[in-house]
Peer 1: 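Take a look at this one; I'll ask things after.
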Amino acid sequence: MFAYAVRRLGIGAVLLLSLTLVTYFLFFAVPSDPAKQACGKNCNEEQIEQTRVALGYDKPWIAQWGDFMTGLVKGRDFPADEELRANNPNIVTHCAAPCMGFSFVNQQTVNEILSGAFPISASIAVVALVFWVTGGVLFGILAAMTKGSFLDRGLVGLTLIAYAFPSFFIGKFLITYVSIKWGWVEYPAYLSIEEGGVSGWLSSLFLPALTLALLFLAGYVRITRSYVLESLSEDYIRTAKAKGLSQRTMIFKHALRAALTPLVTMIGLDFAGLLGGAIITENVFAYNGLGVVALQSFTSDDLPTMVGLVILIGSFVILANIIVDILYAVIDPRVRLG
Amino acid sequence: MSETMSTAPAGGAPAAEPEDDAILQVRNLKMYFPVKSTGIIRRTIGHVQAVDGVSFRVPAGGSLGLVGESGCGKSTTGRMVTRLYEPTGGSIMFDGQDITKINARGLKPLRREIQMIFQDPYTSLNPRHTVGSIVGAPLRIHGVLPKDKVLGRVQELLEIVGLNPEHYNRYPHEFSGGQRQRIGIARALTLQPKLLVADEPVSALDVSIQAQVINLLRDLQKEFNIAFLFIAHDLAVVRHFCPEVAVMYLGKIVEVGDRETLYNHPNHPYTQALLSAVPDVSQATIGGRRERIRLEGDVPSPINPPSGCRFRTRCPIAKDICAAVEPPLLQIGPRHKVACHFPGEIGAHPTEPVTQRLLGVDAHGQPDPGASPVEIPSGPGYSDTWFDLRSNALGRS
Amino acid sequence: MSEAFLSIRDLKVHFPTTDGIVKATDGLSYDLEKGKTLGIVGESGSGKSVSSSAIMGLYRGTNAQVSGQIILEGSDLLTLTDSEMRDMRGKDVSMIFQDPLSAMHPYYTVGNQIAEAYKVHNDVSKKAARSRAIEMLDRVGIPQPDRRVDDYPHQFSGGMRQRAMIAMGLINDPKLLIADEPTTALDVTVQAQILDLLQDLQRDFEAAVIIITHDLGVVAEMADDVLVMYAGRAVEYGSNKEIFTQPQMPYTWGLLSSIPDVTGDTDVPLIPIPGNPPSLLNPPKGCAFHPRCPHRDKVPDGRCATELPELLAQGSVPTHLSRCHLTDPDRVYEQEVLPMIAPDRVGES
């Protein structure tokens, strides 16, 4: 298992680096001028050129990618232009390895930006995950057990309706009614655990997490329902029934266990995706997570932040895949890692 | 590595036997599947010796049965003959042509001549295609008929296999299992193949339907002069269909012979056990039961097969020599070969290994410096001289 | 016959579908004595498996309609409540299935699954259930049972899995064991091992056994009594000897003439039963076998197509029943059927 994880991590690292390379390539392949963006509206040609040199945008893209890699391994100083740094030591920012770059738009290292935003996105993702997995699996089993009944159709239908609404609508609805009009919860504003303790943290996450969970719920109800139903028609369930087991043991011990594999896959990938930020939900609730950062970096041609996000989100997805594969082997004794 | 196998190998294969009528000659065929380690770097740490040196021949328009239990390599052999797998070693001669290493382009015409019938009529037909398009597909792929003639040919084929030709527009699920197997057979016949590899063609069918399909195959063989490599685990079905039968165990042929000899006078203890294990209705109809030979345990792993004779771990008559030396597939009758150091009918196995002198070893399988080993032919087919068990010597018929 | 250990009376198992009612089993009756083996033969769709699953109550909680009587030691299983039936399952009646690989849960160890069968009916500790499972594994001939008990099903060979299934089926010492195609998925030498094992165990456990199979050879070797089913009904019922030496129903004749054998003359052609098994949604009127029956013209007035024959004793043996309008089946068998399936035996019996 260890050797397997090491090999997969190695492959993952290579994959990540190629991703950054592709990002650099694509960024410079589109006809827009990041130097002009960074310089501001009222810059003349000369100033733009100066900015270009200062930020290192004058070098070929592959050389810039090389600088980026140097930063990752050894750390870097900013601005990129050596002459500029030598003349103005007061504006130099040192960025220690693994340095993901410096965002001139935000005048911060990418590491700082990401480490500020990540806990918010992660918090929302974790709480949302708990909501939708518990809800999805329970409703899914309930639907499977009452297959074809009113309850079954109701559960599947309702979750589908929630899924059909865009998440900004659900978010807005929850803020307006649950928080403002009915006052059931406080107006959502993010509190870290240090600031508000666990309960404050949790309650600050309730509405955004719920918004996300409602989005994912439908899929989990359906998948749980169909996999539980499928395994209920398996031969080993007939064996379990022939042993004289109760319906409950049959479902929870035998059928659900078999449905775990597909569930774990979905959970792993969905969760990894969410860790990288829920763009719409974070923006609706104005929680400055990775989703908000992503949107900003995109609208302001902030290459270093974008590359940082690519690395971060890419690693989550790769890690999640490895963990899911290892979990397969834990759940299913027939699977051998190798 | 491009050896030409058109001449007889140095193994001293008989030259006298007229082998010209063989449509398929397989010589020392091997299929090893690599087993990878699970470390950080995955190395090949062993091989599944699925098929390990089998030789046989199928005469044009004739049939050879390949029987054995699961994991014996019979299906892998069939897949190599149809070149779904590329053999690890050995050679396959089809209709005078070496097809062992033939490339993808060379395979296309071959696919017309060698066709396959599969076991499961439910999964081997595409459920989204009509029967007409399934049966007609080979015609279109190989471009042998103008488009407007395809339908006529398809209907003709459906009629040949006993289906209503008007049903060409129906989908596979509208047919019963037996009818689907007929569709599979029609598809295999479309290009008028010279050889059909039938892998368990009736084992998924009901008893009453099995007989229909076997009879159909037999009629088709007579009518179109098609040769069959008939692979099955059901000894009774094979006996009924094939005048010649080879028994496989763990990647090797342990006994091959004409039907009468193999079923009535088996000489290999595995064949004997296999035959005695088949529940027999004809015994019941006269109120009798045969004594079974009980085989203990399971088939060993083909990754690390037993040394010497692969059957020795379960063999009721195994002795020292069986672990030391692999028994050659020795011809002991006009059409009978057996790979055993102690070949003989049930209860009449010799006490001394008959292969001792031929192999130049003593009774325990240790090399005997005084002996002069004899070259034992290992090729397909039969020689007109063989080892006579009564006189314990190579003799002439 | 009223004191039989197991009496099935007019058992019907119907499955409503959107296309109509599938009459998988339609009026089945038979008796089975303690310590005896009944072989039920038939092709797919004959109702042989469905009727036996109904004895286990496996259709409770589904939309299947089960009616008739299943009387085991005087009490009708169909009148039991669901929880009474659950207590019965795996304890008084147990079942082993065709494919032991799919019949065992792939994620739990063999020992866990066997012990579970014991624990559910006995108030014992986990440890006691486990040692009972090891004992049973040993009993069915698994080598090193204390080690193999922690293996997963996929680590067992096909034959060992079926042994483990048998261990699971017998762990509560059932009175009735139903074996549904227990050797169909196995190789012949392994099949022989399992059949031997079943016979040995039956002697020890004194259970009644129902063995369901499509393989006449297995029935010939295992069964005391044989029930031949076609399209959801019994068409012939008698002792092993009666069924195999003096069969009376043309369907049984057809089965016997269509199976190849490993002994005897190879030149005897296989005579298949023409046509295909009937649809259970819309079975033929009269005798369900009549469209495929080569002897239907011997019955006057086309009664085969209009009138369902009763399951009755036709010949000299009162316990040998068959469902056929032929007036003289023994003569037809000897003069027309026997010469086809075993020419060498004509005139012997």
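Here is how names work: the chains are called A, B, and so on, in the same order as the sequence lines, proteins then strands, and each is numbered from 1.
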Peer 1: Check this for me: C:K34, atom NZ, are more than 12 non-hydrogen atoms of other residues, nucleotides or ligands nearer than 6.0 Å?
Peer 2: yes
Peer 1: Taking all heavy atoms of A:R334 and all of C:P106, pick out the closest pair and write down the distance.
Peer 2: CZ-CB, 3.4 Å
Peer 1: Would you check, one step at a time, whether the test side-chain contact (heavy atoms from CB on, under 4.5 Å) holds for A:H254 with C:Y107?
Peer 2: CA-CA 9 Å; A:H254 291 263; C:Y107 296 173; over 6 Å; no
Peer 1: Highest number of heavy-atom pairs under 4.5 Å with chain A: which of C:M104, C:M95, C:Q155, C:Q98?
Peer 2: C:M104
Peer 1: Between C:M85 and chain A, with a heavy-atom cut-off of 4.5 Å, which part of the residue counts as in contact: side chain, backbone, both or neither?
Peer 2: neither
Peer 1: Measure distances from C:M88 to the heavy atoms of chain A and classify the residue's part below 4.5 Å as side chain, backbone, both or neither.
Peer 2: neither
Peer 1: Of the backbone (N, CA, C, O) and the side chain (C-beta and beyond), which part of A:I331 lies under 4.5 Å from a heavy atom of chain C, both, or neither?
Peer 2: both
Peer 1: Working to the nearest 0.5 Å, report the span between CD of C:E116 and OG1 of A:T239.
Peer 2: 10.5 Å
Peer 1: Are there residues of residues 317-329 of chain A whose heavy atoms fall under 4.5 Å of chain C's heavy atoms? If so, which?
Peer 2: none
Peer 1: Tell me, yes or no, whether the heavy-atom count around C:F15 atom CZ, taken from other residues, nucleotides or ligands under 6.0 Å, exceeds 12.
Peer 2: yes
Peer 1: Roughly how far, to the nearest 0.5 Å, is CG of A:L245 from CZ of C:R89?
Peer 2: 9.5 Å
Peer 1: Counting only heavy atoms not in A:Y220, do more than 12 fall under 6.0 Å of its OH?
Peer 2: yes
Peer 1: Measure distances from A:T249 to the heavy atoms of chain C and classify the residue's part below 4.5 Å as side chain, backbone, both or neither.
Peer 2: side chain
Peer 1: Take a 6.0 Å sphere around CD of C:E73 and say whether it holds more than 12 heavy atoms from other residues, nucleotides or ligands.
Peer 2: yes
Peer 1: For C:Y108 versus A:K253, what's the shortest heavy-atom pair and its separation?
Peer 2: OH-O, 2.6 Å
Peer 1: In Å and rounded to the nearest 0.5 Å, what is the OG to CG distance from A:S246 to C:D82?
Peer 2: 12.5 Å
Peer 1: Can you confirm whether more than 12 heavy atoms, excluding those of C:R86, are under 6.0 Å from its CZ atom?
Peer 2: yes
Peer 1: Give a yes or no on this: more than 12 heavy atoms of other residues, nucleotides or ligands lie within 6.0 Å of atom OH of A:Y227.
Peer 2: no
Peer 1: Side chains of A:K243 and C:N172: donor-acceptor distance under 3.5 Å anywhere?
Peer 2: no
Peer 1: So for C:H154, is it side chain, backbone, both, or neither that comes closer than 4.5 Å to the heavy atoms of chain A?
Peer 2: side chain
Peer 1: Which pair of heavy atoms, one from C:L58 and one from A:K241, lies closest together, and at what distance?
Peer 2: O-NZ, 3.0 Å
Peer 1: Counting heavy-atom pairs under 4.5 Å with chain C, which one of A:A240, A:P333, A:G244 comes out on top?
Peer 2: A:P333
